[in-house]
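Everything below concerns the one structure shown next.
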Amino acid sequence: SDLQWTQPVKFVPSQADVVVFDAVTTPPPADLCHALRWFRHIQSYQNQKNSLPGVQKPLGQYGPAGVADTTSSSAPAAAEDDDDFDLFGSDEEEDAEAARLKEERLAAYAAKKAKKPAVIAKSSILLDVKPWDDETDMVKLEECVRSIQMDGLVWGQSKLVPVGYGIKKLQIGCVVEDDKVGTDVLEEQITAFEDYVQSMDVAAFNKI
C-alpha cells in the first residue's frame, strides 16, 4: 500500500534554462559537447523564451543543494521544483538524434545500392537439332536456326555430329538472358522449320 505510481518526467526548456543561458556569455568549448548542445538548443528558443514554462529564480539557486549563493543575479525568486528542467538536454532529444542518424545512414545505403547495376541472369545452352533424314540440307537447317533473332539471345559455335545411318545432327550453342528467352520458346521456333527439323533437345544447360 506504500507503493505509488508516478508518471515519467518529460523534459522541456524552462525559465531555468533561460536564466542559465543569459548568464553564459559565450558558447561552451567543443570538448564540453553536452553543454554546447544544450547552449545551441536553448539558443533556438530565444524568440519564445518569455513563453517557456516555469518562473525564474536567482542564478545561484540552481547550483548544488547546501552551497551558498555567491552570484549577484537579481532575477526574481520563486519556488520551483528542480526536476522541471534539465540543463544538458533530455533522453528524448538523444533518441531523436539517434533516429535521425539512423535514417541518414539508411538513405545513404539505399542510394549506394541503387547506383549498382542490376545483375542479369544468363545461361549457356547447347542444343541438338535433328533433321528428318540423311538427305536434309544441314547448311540450310543451320541457316534457319540462326535466323531466329530475339532480345537476349546470342548464337554461338556449332558442329555436325553423326547419329547413325549417315544422319548428322546440328549441335549449336547459345547464350540467353533467363528473363527473356527460355528453352520452350527456342524449341517452338526451331521446330517451326518443319521442312528441315524433326526435333530439338537440350544437350547441356549451365547458369553463367
Side-chain angles (χ1 to χ4, degrees), residues 8 10-13 30-31 33-34 36-41 43-45 47 88-208:
K10 182 176 181 181
F11 297 102
V12 297
D31 57 341
C33 57
H34 294 294
L36 180 59
R37 184 166 65 85
W38 166 84
F39 181 91
R40 291 174 176 168
H41 181 63
Q43 188 177 41
S44 68
Y45 282 90
N47 292 334
F88 303 110
S90 68
D91 290 339
E92 290 181 357
E93 293 169 1
E94 293 176 0
D95 291 343
E97 179 69 10
R100 183 184 66 79
L101 290 174
K102 182 178 179 180
E103 289 178 0
E104 289 180 355
R105 289 173 183 152
L106 288 174
Y109 173 77
K112 182 178 179 181
K113 189 175 181 180
K115 292 180 181 178
K116 291 185 178 181
V119 177
I120 300 175
K122 294 182 179 182
S123 298
S124 174
I125 306 175
L126 186 63
L127 303 175
D128 282 345
V129 183
K130 297 176 183 178
W132 286 106
D133 51 38
D134 60 343
E135 295 182 359
T136 301
D137 187 342
M138 297 304 292
V139 174
K140 184 65 177 177
L141 184 150
E142 181 173 353
E143 289 178 356
C144 291
V145 172
R146 290 186 181 276
S147 69
I148 299 172
Q149 301 294 322
M150 290 182 285
D151 184 26
L153 169 65
V154 178
W155 292 111
Q157 296 181 342
S158 64
K159 64 180 179 180
L160 297 178
V161 180
V163 295
Y165 304 102
I167 300 175
K168 295 181 180 181
K169 65 181 177 181
L170 172 69
Q171 196 166 78
I172 185 169
C174 63
V175 174
V176 301
E177 293 183 21
D178 296 346
D179 291 341
K180 297 178 179 179
V181 182
T183 56
D184 53 342
V185 175
L186 289 173
E187 182 176 12
E188 180 182 350
Q189 296 210 21
I190 289 174
T191 55
F193 298 105
E194 53 187 19
D195 290 341
Y196 301 95
V197 178
Q198 180 193 89
S199 64
M200 186 214 83
D201 296 313
V202 177
F205 188 102
N206 298 292
K207 294 287 186 180
I208 297 178

Ile190 versus Met200, closest heavy-atom pair with distance: CD1-SD, 3.6 Å

Nearest heavy atoms of Glu194 and Trp132, plus distance in Å: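 Nearest pair, atom of Glu194 first, then Trp132: O-NE1, 2.7 Å.
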
Polar side-chain atom of [X] near backbone of [Y] as donor-acceptor pair, under 3.5 Å:
X: Asp95; Y: Ala98; answer: no
X: Trp155; Y: Ser147; answer: no
X: Asp137; Y: Val139; answer: yes
X: Gln149; Y: Arg146; answer: yes

Heavy-atom side-chain proximity of Cys174 to Leu186 below 4.5 angstrom: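 Yes, their side chains come closer than 4.5 Å.
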
Close side-chain approach of Lys130 to Val163, heavy-atom, < 4.5 Å: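 Sidechains of Val163 and Lys130: no contact.
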
Leu153, Ile125, Ile148, Asp151 screened by side chain to side chain contact (heavy atoms under 4.5 Å, CB included) with Val181, the one that passes: Leu153

Between atom [atom1] of [X] and atom [atom2] of [Y], what is the distance when rounded to the nearest 0.5 Å?
X: Gln157; Y: Gln171; atom1: CD; atom2: CD; answer: 11.5 Å
X: Ile172; Y: Leu160; atom1: CD1; atom2: CG; answer: 10.5 Å
X: Asp134; Y: Lys168; atom1: CG; atom2: NZ; answer: 11.0 Å
X: Glu187; Y: Thr183; atom1: CD; atom2: OG1; answer: 7.5 Å
X: Lys169; Y: Asp201; atom1: NZ; atom2: CG; answer: 7.5 Å

Audit row: Asp178, Lys207, side-chain contact (heavy atoms from CB on, under 4.5 Å) steps and yes/no: CA-CA 9 Å; Asp178 296 346; Lys207 294 287 186 180; 2.7 Å; yes

Carboxylate-amine/guanidinium contact Glu97 Arg100, below 4.0 Å: yes

